[in-house]
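Throughout, a chain's letter reflects where its sequence line sits, starting with A, and its residues are numbered from 1.
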There are 4 protein chains.
Amino acid sequence: MTTAIDCFARYGYQGTSIDRIASAAGVTKGALYYHFRDKEELLFEAVKDRIAEFEERVVGSVSPVTDPPAALAEIARVCVHIATKNNLRRFILTLMVEALDTNPRLSQAFRDILRRFRSYLAGIVRLGQEQGVFRSDVEASRAAQLFAGGVIGAELQHYQDPERVDLGVVMQGVVDQLVSWLTVDADQLPHGVHAKRGARNNRRESR
Amino acid sequence: MTTAIDCFARYGYQGTSIDRIASAAGVTKGALYYHFRDKEELLFEAVKDRIAEFEERVVGSVSPVTDPPAALAEIARVCVHIATKNNLRRFILTLMVEALDTNPRLSQAFRDILRRFRSYLAGIVRLGQEQGVFRSDVEASRAAQLFAGGVIGAELQHYQDPERVDLGVVMQGVVDQLVSWLTVDADQLPHGVHAKRGARNNRRESR
Amino acid sequence: MTTAIDCFARYGYQGTSIDRIASAAGVTKGALYYHFRDKEELLFEAVKDRIAEFEERVVGSVSPVTDPPAALAEIARVCVHIATKNNLRRFILTLMVEALDTNPRLSQAFRDILRRFRSYLAGIVRLGQEQGVFRSDVEASRAAQLFAGGVIGAELQHYQDPERVDLGVVMQGVVDQLVSWLTVDADQLPHGVHAKRGARNNRRESR
Amino acid sequence: MTTAIDCFARYGYQGTSIDRIASAAGVTKGALYYHFRDKEELLFEAVKDRIAEFEERVVGSVSPVTDPPAALAEIARVCVHIATKNNLRRFILTLMVEALDTNPRLSQAFRDILRRFRSYLAGIVRLGQEQGVFRSDVEASRAAQLFAGGVIGAELQHYQDPERVDLGVVMQGVVDQLVSWLTVDADQLPHGVHAKRGARNNRRESR
DNA sequence: TATGAATGAGCGTTCATTCAT
DNA sequence: CATGAATGAACGCTCATTCAT
């Protein structure tokens, strides 16, 4: 199964033959077909498996959320860690793109995954808005789309050109620019409310 | 050729058979093989063709660059326009992901393309820094990576979930958050230098 | 085993997988292989089993034979009964056809079965000839072939088109036409011998 | 195509692999797939082709029908000829049995074929009834079923046991017994109607 | 006795590619 | 220039059979 995920992540669904998975895993085709009805079930099982793991790690790393900007930074760090340690994120990215017009069911699965991810991010942003550390005139869902898009774009560029694109650096930038944009200036806050973290920090430097 | 690009954009390289292109284009397979040595050459020809067009439109839309923030906004607008009008961007995205580990030569081509794109963006950012409207403590190349990543991430999310992700809105956000992050505060500017555009605008609202 | 016969009757030998039999019978493949050396032995065992049953029922229904025309009618009735109650006859027919050129051993088995059946029929006809109710210028074996062929043809047509071909009606016709053909005219009978059944009803003739 | 028919006739549909047809015909699998969409189309094309030929030969051999008994005899002769010269009849028989529960579409095709055949036979019988050579108290369709069944049963027995079952002899018997059954005695005919041919001939001998 | 896991040969089918015309 | 026919390698999948437990 790990082998299958590896192959799918590298060569895509169509580019991965059952033979390749089998021989890479040191078993025969027949053995695979004993455990999975067909290639698609193998894929879906792999997706289900890994997505659950990914979501647990993201949520687990920052729960409970008390400091929204820190939570976003932590999520970015987890994404970097996952993306560089194993190929889970790449697995998702590769298959998501491939599925777009070729596999409606799989595409729907990825759509749901991304929606959950954005929804989770939006919750964090909304919390920040309630706390007064984030401005309220930006829709939380839009901020979530920006963050998710930044993550995806960073990963894709990194996979594409690892020697030029340092994933950690870019991902930090994704957080920085979003937080910078969202953070209200202290002197603009209504009386009695204070940003808990020095917003200046984010504006000034990067990594 | 247009048909080929269309098929590649939709179904990817492996998912597109010569038969499909031929019958969709109303010609025979033999005719295709008369004009292109093999499937890969057809692909490369298509890529070369479209990339040139894309770069011309981006550069042409903002040249010469005088107002960096406006230039970034304009580039974002062009990307939205291209992405929604035809499938050129999707063509690039789809094939880029697919080529990652399966076609080194194609992958190199896309690497070069992205590098040129980021390099062009970095130039704009650098100009803004020289003009004093952008802070100088952020590397221009890093800002370029963030912008490019934001564009890619926005497009991918849009293709994946068009009814939830409005490409125009997200892309505007990409510009907003980056410009917000890069823009220096007026009171921090050295004497005699003034931001030409009201930086505050970007902080306050969106779209 | 009943399940196996059922599957073979319906889908043929090649069309029946061990998996199908096993899961239909609620056991595992391994269990089948414990009881039968291979698929072919399972088939032969099934054939042997059912043929014996069929022959017993046919012979049992009319023995001892005293009235040849009545015996033929009775055999036809038994065939109809068997063919419509369970799928035994169909089992034989299906496998017989399939085995023709693909399984010499099985084909030989069916050849023997049919020979025994015809031989039994010929005995009845011969008895009728000795009794004087059947004309003697027709070879008994030929009459047996006609009867057997009529039965087979009737069944096959019935399986093929049950709503148009009423097996009982056709089978009755098989008996009628044969008896009509075999029955000698009363005025041609030697003195002292009388047809026991009303030959007139069945008999008409010529070409 | 001829090769395909030959294989299908011998080994059935499931028992015939594309490889077998291809190599028997001296071409490659790919060539077959260039001319036929899939195995089933190849089969249907073969069936369509051969059925048309069969029907033409049967109808052509006795048209126009003037003498019903002679027409039946002629049809039997044609069937014998076709069955012994090429494997067309066997092709039909084999596939018809196999298709019963495994291929509804093919089964329907064979159902239609048999219906047409019986319908044609019934027409001949009906003509005989109008001419007064056949008794009218037997439904023409039933007589047709008996004749068709006799033909099928004769062929099947012959394929199964060629050294014991002489197709020509049995087929002649099929005609004899049916005509014998259907033919009215001259003295039972209504006044003014006379059997045109001497009926006695058929009673006396066979083959 | 019975099971679950595994094997490997073979099947129907696809597809990039070639080639005579 | 273009076509239709053909090739052969590979693919997804099935299935009879084996075997350790």
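Rounded to an integer number of Å, the gap from CG of A/L32 to C1' of F/dG12 is 12 Å. When the C1' atom of F/dC1 is taken as reference, atom NE2 of B/H35 falls 7 Å away, rounded to whole Å. When the P atom of F/dC15 is taken as reference, atom CZ of A/R37 falls 15 Å away, rounded to whole Å. A straight line from CD1 of D/I18 to P of F/dG8 spans 17 Å, rounded to a whole angstrom. A/Y11 places its OH atom 19 Å from the C1' atom of F/dG12, with the value rounded to the nearest Å. Atom C1' of nucleotide E/dC11 and atom CD of D/E40 are separated by 16 Å, given to the nearest angstrom. Rounded to whole Å, atom C1' of E/dG12 lies 16 Å from atom CZ of D/F36. Taking atom CD of C/Q14 as the reference point, atom P of E/dC11 lies 11 Å away to the nearest angstrom.
Closest to the C/Y33 side chain, of the nucleotides F/dT17, E/dT18, E/dA5, is F/dT17. Distance from the side chain of C/V27 is smallest to E/dT3 among F/dT14, E/dC11, E/dT3. With distances taken from any side-chain atom of A/S17 to the nucleotides F/dA2, F/dG12, E/dT14, the minimum falls on F/dG12. When distances run from any side-chain atom of C/A31 to the nucleotides E/dT17, E/dA2, E/dG12, the shortest one goes to E/dA2. Distance from the side chain of A/D38 is smallest for F/dC13 among the nucleotides E/dG4, F/dG4, F/dC13.
DNA chain E is contacted by both D/K39 and B/D19; D/K39 maps to the nucleotide lying nearer its 5′ end (nearest heavy atom per residue). Nucleotides of DNA chain F nearest to C/T16 and D/Y34 differ in position, and the one nearer the 5' end is that of D/Y34.
Side-chain N/O atoms of B/K29 and base N/O atoms of E/dT17 include a donor-acceptor pair closer than 3.5 Å.
Between B/R10 and B/D6 there is a salt bridge, since at least one side-chain N of the basic residue sits less than 4.0 Å from a carboxylate O of the acidic one.
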Under the criterion side-chain contact (heavy atoms from CB on, under 4.5 Å), I'd like the reasoning laid out for A/V47 against A/L106: C-alpha separation, chi angles, the key distance, then a yes or no.
CA-CA 9 Å; A/V47 169; A/L106 184 58; 4.1 Å; yes
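Side-chain contact between C/E98 and D/Y11 is absent, with no heavy atoms from C-beta onward closer than 4.5 Å. Put simply, the side chain of C/R90 does not reach to within 4.5 Å of the side chain of C/E155, judged on heavy atoms.
With hydrogens and angles left out, the side-chain atoms of D/Q108 and D/R105 include no donor and acceptor closer than 3.5 Å.
With both pairing distances under 3.5 Å, F/dT3 is matched to E/dA20 as a Watson-Crick or G-U wobble pair.
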